[in-house]
Amino acid sequence: MDKDNVMKINGKTCEFEPGETILQVATRNNIHIPTLCYLKGAHPTGACRMCVVEVKGAPGPIAACSSPAAKNMEVLTDTPRIIDARKMVVELLLISGNHNCAVRGKYPQDWTDFQQEVETYDRADDICVAYGTCKLQALAYKYMVSERRLDRIPTRYPLEYDDPLVGRDFSRCILCGRCVQACVDVQVNNALSHGYRGNIAKIVVRGDMTLPDSDCVYCGECIQACPVGSLFEKRNRFSSRMWDITQVRTTCYYCGIGCQINLFIKENEIVKVEGVEEAKPNSGRLCFKGRFGFDFIHSGKRLTKPLIKKKGKLSEASWDEALTLIAAKINEIKDKYGPEALGCMVSTKNTNEDLFQAKKFFNNVLSSEQVFHFEPAGYIGIEYEDIKNASTIVIAGADLNRDNPVAASYVKQAVLKGARLIVVDPDQNELSKFAHVRLKSLSGLEKEIRDGTILIHDPDFDVSSVNGKDNLKIYSITRENNTNGAYLMGITPKSDIDLKAYKFIYSMGQNIKDVKSVDFLVVQDVFPGKLQEKADVVLPAAVWVEYDGTYISSDYRVNRVRKAVDPPVEAKPTWLIFKELAGKMGQDWESAREKEIWEQEIIKNISHLEGINYNILAENGVKIKEIEKISFEKTVSTPKGFERPNLHKILAEQCRDLQDIVQKRFKEGK
Amino acid sequence: MKEVRVGLGTCGISAGGEAVYRELKRELKKKKLGIELKETGCMGMCYEEVLVEVLDSEGSHLYAKVTPDRVGKIVDEHIIGNKPVQEWIVRNKTAVDEDVFFDRQKRIVLRNCGIINPASIDEYIAHDGYRAIQKVLSDYSPEDVIDMFIKSGLRGRGGGGFPSGLKWKFARQAKGDKKYIICNADEGDPGAFMDRSVLEGDPHSVLEGMMIAAYTIGADEAYIYVRAEYPLAIKRLITAIKQCEEKGYLGKNIFASDKNLKIKIKEGAGAFVCGEETALIASIEGKRGVPRIRPPFPAQKGLWENPTNINNVETFANVPWIVLNGPEAFAAMGTEKSKGTKVFALAGKIARSGLVEVPMGMSINEIVFQVGGGIKENRQFKAVQMGGPSGGCIPADMGQLQIDYDEITQTGAIMGSGGLIVLDETTCMVDLAKFFLNFTQNESCGKCTFCRIGTKRMLEILERITAGEGKETDIELLEDLAHKIKNSSLCGLGQTAPNPVLTTIKYFREEYEAHIKEKRCPAHNCAALLTYHVDPGKCTGCTLCAKKCPVDAISGKLKEPHTINMEVCIKCGHCFDACRFDAVEKI
């Protein structure tokens, strides 16, 4: 044991790494020090003074969150003097706003007036949105701060409620500054800041305007950071309470990063999404899409029943009827044209289990190799959070702020830490604002490359001219959440395709412009779409929160997705549709659940996944084995006549609609 | 050869100095006297402004309260007729009564103030200016300079009292290619004007001090953070920096050495908290001026994360003197742990308010009664307030206390940057504490809980005490809040904000109790707790009070005693001020 790095906390000898704070050492040693303003991953500000501790030799209490551990330091975390100081912090914060949840004060006669005043202000009969999860409330309870020796400070700033998504209740703000840190230090969106000073201090946007007029991009990081009920999502404000909610951990559906999220479920509905704080790759952070973009799941426009074309018109049918028809048509076409006339265009938004079943069906049941997609693979060879330690970063054509905002946040953090940022093809790329160098093309890049330079390119951006350089690591993020999964399941892209060769096509929402030469078209989708008008059978699919499964993200991490809500009416998971279809074709597949498909079939057949069972994936994702040996196609272009899946468009539109609602400036063309 | 100097610091200008200067210039020109007329900075006797000094073969003659219409007589009788106008002179060889104001002082920091023209680098050079930096550049290594300053015992004059040599040593030892020197000229204490006077009166001494510090720690860039409310000081600094650049004293290869130094001015925007070093750094960086936690200290990670040394104006102004006169000469003055001199801005109920520089170790009584000339209107000396909003009160019966960092700290006050406010029996100590607390809570940045909410709560309690609505438990509550705010606040502003309250409770607890229990203000100051009354024995019925009363609360016939109707009275005090017979009493 290196004697230099030893200290004592409450008599316990603790080792520390140079640079660690007292709070970090204590937390690692299971010694609890209460905090309010401390936000992991951001610079400690020492603002709230809740975490004060006694250090032998120091003249007064010091803040554990921001004080570095030192050799032979002796720390006491719970002396009477410290508890007294913490009690006063709680007391001062409680009187500084409408913290009406706390333990009663000692003047019973004013309770009614007080409560009524709060309710008028709230426009609500209910109590605070954070009741039960509020950190201040918990501390008031813990330290039994019930005495109200001081008068309550009247609320200075009115409730801000004109934003469609986010409410700001300044009467409950304790000015801990976590929201500002989340916005500025973590997401680097720089929308929130501290305004005014002294006891009229306020968290402001753009010189104290309202959210819709600000630079806010609605990542919602601030809401997740707020320890009290000051920042909240309006849509769940009065619809759910903490104790009504079941949380389901799953993986985000939008892009290839694979952010870990907790879905808050009440009565078969998602009411809120939060990032999982301690999990890779996102360490709690989310983007606008991941946090707010789940309305489509509960949309009334979802496909709910199979449809069969009868007399030129699609009409509702039973699953049995639909699958029987498909099986018959498959046999007919296979007999006439051979198995290679049967094709399947998968969507790489599906789970590995879905895709494996599709492939199995075509390969084993139909003897067709024609299962494909049009998506280039992606590869992120480092942990996302290590991006922020990079010294030089090149962004080539990838609009991370738009497509992968969580990755963009790590890049921006790197810039804050002093990294050099080079943006190639900088027009329209919002990251250019942070760039030190802007290049029109890769041709001028050579002289900017230093040892350990990271290049992140758009999957469509050709980087072959800089390929193979020793000091350059080339990465990209897949557009879809499970493209790498599709590759591993053995489904590869096709960039040149002759449609006339196919007489039967099973499309998972993939749009095809000209299907005249196709004899029988099955479209499996979530929403109605253009292609369905030409389909012979339409099958309603369940989406990712409606069944179990796994995804493989761009950093080759296998993540679990979990069933959180029931699918609407008769929509079914893709894997189940294929199992039932196989049954119709006379093959009885044994695996009856996602877990069985994964554990009995997938990981036994694909060596990279060996041993990664659902148990191992119970919490955090697991990186697949021998990543470096995997080489998938990194550039693929969608062939003519094909468009990206219907759902992709719907998700994009949904997010655009939401963004339009919340951001007036888009409408005003600013 | 005669020379005429006019004190044109902010104090001189606000007393009408510019008009006097213009009149002198006109007269001297009209009469073709060919006499040098010079503008200088503050001479220190702010209570006697406008000051005009005439130097002749006999020496110096200092004219006080000069107005443009007195100029003609001074020029005719003294300058032309060689007969000084004795009745207007406050200081020369024969005017003994005011001598003690200067004679008890020891002027190191203020050595050139009021003597040289601050806009002239040549005059500064003629007064040994820029000799110290050249000596340092040619004769001393940075380590030598550090040793010299550790030996001198110079401590930070901004209030903290940290040994300057040691501070330089830390910055010198800190790893980094780029280092900064910052001069803290964000003088914000109410009633303090030491730094302003030095910058206005002798800006080059500060620049020279900064050059020496920059050489010592290895900095090639420096900032002066000066409050925008000091336009004259800024003007003087801009001129001085420009002159230095022209002479090659600043810029590349200064004084033909291999050292570079660029000094920039950053104007503050009026926040008191920006005098706190980490907030000041944030402000220079263009960020919101809020303190951050230390460590890391600026010596390790300061401006733009680079090692930075911050000293205040007075500290820097001491530096060239110490180099030229030696650390021993400096250390010979003062007490064991507080060496050299200290500049004070005397204000309040003192006869001679102004700027003084006294050796450390002088007692408070000496400053008040000898240098300061005692209390105005022969009232009773009650206390001094030192250190502004961060400081506290020291009662008159502790007047023997020496000016010494540690002794003053023990009383609960602090040395501070040099504000010294003298209080007499008409000062209500609760009201005084309220004044300072109001200042700090307004100037709190709002970041940490204790300072943001705690000081506001304390202020409210003081407000209700002075309004006669104090509760029995209030003193206890104040003390509880004060101790916790002091112990646990984030920065120096919060940690010292309760000092004015704590010291007044400590030394004048009975005044608090009188307000709370007897609903009485012993100093007859708190409007809510006093009534006005006309003493019929003294009232001559002159009717002046009745005429001044804005609410017609006073009635009475001419030449008959008047009475005040307290139900109408708004306690504005106009009658009290108006009465020439002391007939109006506060009870």
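Letters A, B, ... are given to chains in the order of the sequence lines, protein chains preceding strands, and every chain is numbered from 1.
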Select one option (side chain, backbone, both, neither) describing which atoms of [X] are under 4.5 Å from chain A's heavy atoms.
X	value
Ser489(B)	backbone
Gln495(B)	neither
Asn442(B)	backbone

Under 4.5 Å, counting heavy-atom pairs only, tell me which of His483(B), Gln441(B), Lys456(B) racks up the most with chain A. Lys456(B)
Top contributor to chain A interface from Thr473(B), Leu481(B), Thr440(B), Ile461(B) [non-hydrogen pairs under 4.5 Å]: Leu481(B)
Out of curiosity, [X] [atom1] to [Y] [atom2], how far, rounded to the nearest 0.5 Å?
X	Y	atom1	atom2	result
Leu175(A)	Lys447(B)	CG	NZ	12.5 Å
Arg49(A)	Ile485(B)	CZ	CD1	12.5 Å
Cys451(B)	Leu92(A)	SG	CG	11.0 Å
Arg81(A)	Ser488(B)	CZ	OG	7.5 Å

For [X], does the [atom1] atom have more than 12 heavy-atom neighbours from other residues, nucleotides or ligands under 6.0 Å away?
X	atom1	result
His43(A)	NE2	no
Lys301(B)	NZ	no
Lys434(B)	NZ	yes
Glu476(B)	CD	no
Lys287(B)	NZ	no
Lys337(B)	NZ	no
Lys202(A)	NZ	yes

Which heavy atom of Arg288(B) sits nearest a heavy atom of Tyr196(A), and at what distance?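 Scanning both residues completely, I find the closest heavy atoms to be NH2-O, 2.5 Å.
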For Arg452(B) versus Ile174(A), what's the shortest heavy-atom pair and its separation? NH2-O, 3.0 Å
Look only at the side chain of Thr449(B) and the backbone of Cys48(A), and say whether a donor-acceptor pair between them is shorter than 3.5 Å. yes
So does Thr45(A) get a backbone contact from the side chain of Arg292(B), meaning a donor-acceptor N/O pair under 3.5 Å? no
May I ask you to name which of [options] has the most heavy-atom pairs under 4.5 Å with chain B?
options	answer
Val52(A), Val89(A), Ile62(A)	Val89(A)
Pro68(A), Ser66(A), Ala201(A)	Ser66(A)
Gly46(A), Gly60(A), Cys37(A)	Gly46(A)

Does any part of the side chain of [Y], heavy atoms only, come nearer than 4.5 Å to the side chain of [X], both counted from C-beta?
X	Y	value
Arg457(B)	Ile95(A)	yes
Arg197(A)	Glu443(B)	yes
Ile453(B)	Leu93(A)	yes

Contact part of Ile200(A) toward chain B, heavy-atom cut-off under 4.5 Å: side chain, backbone, both or neither?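 Neither part, no heavy atoms under 4.5 Å.
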Contact class of Ala63(A) relative to chain B, heavy atoms under 4.5 angstrom: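 Answer is neither: Ala63(A) stays 4.5 Å or more from chain B.
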Begin from the C-alpha positions of Leu477(B) and Leu150(A) and carry the test side-chain contact (heavy atoms from CB on, under 4.5 Å) through to its verdict. CA-CA 9 Å; Leu477(B) 185 55; Leu150(A) 302 157; 3.8 Å; yes
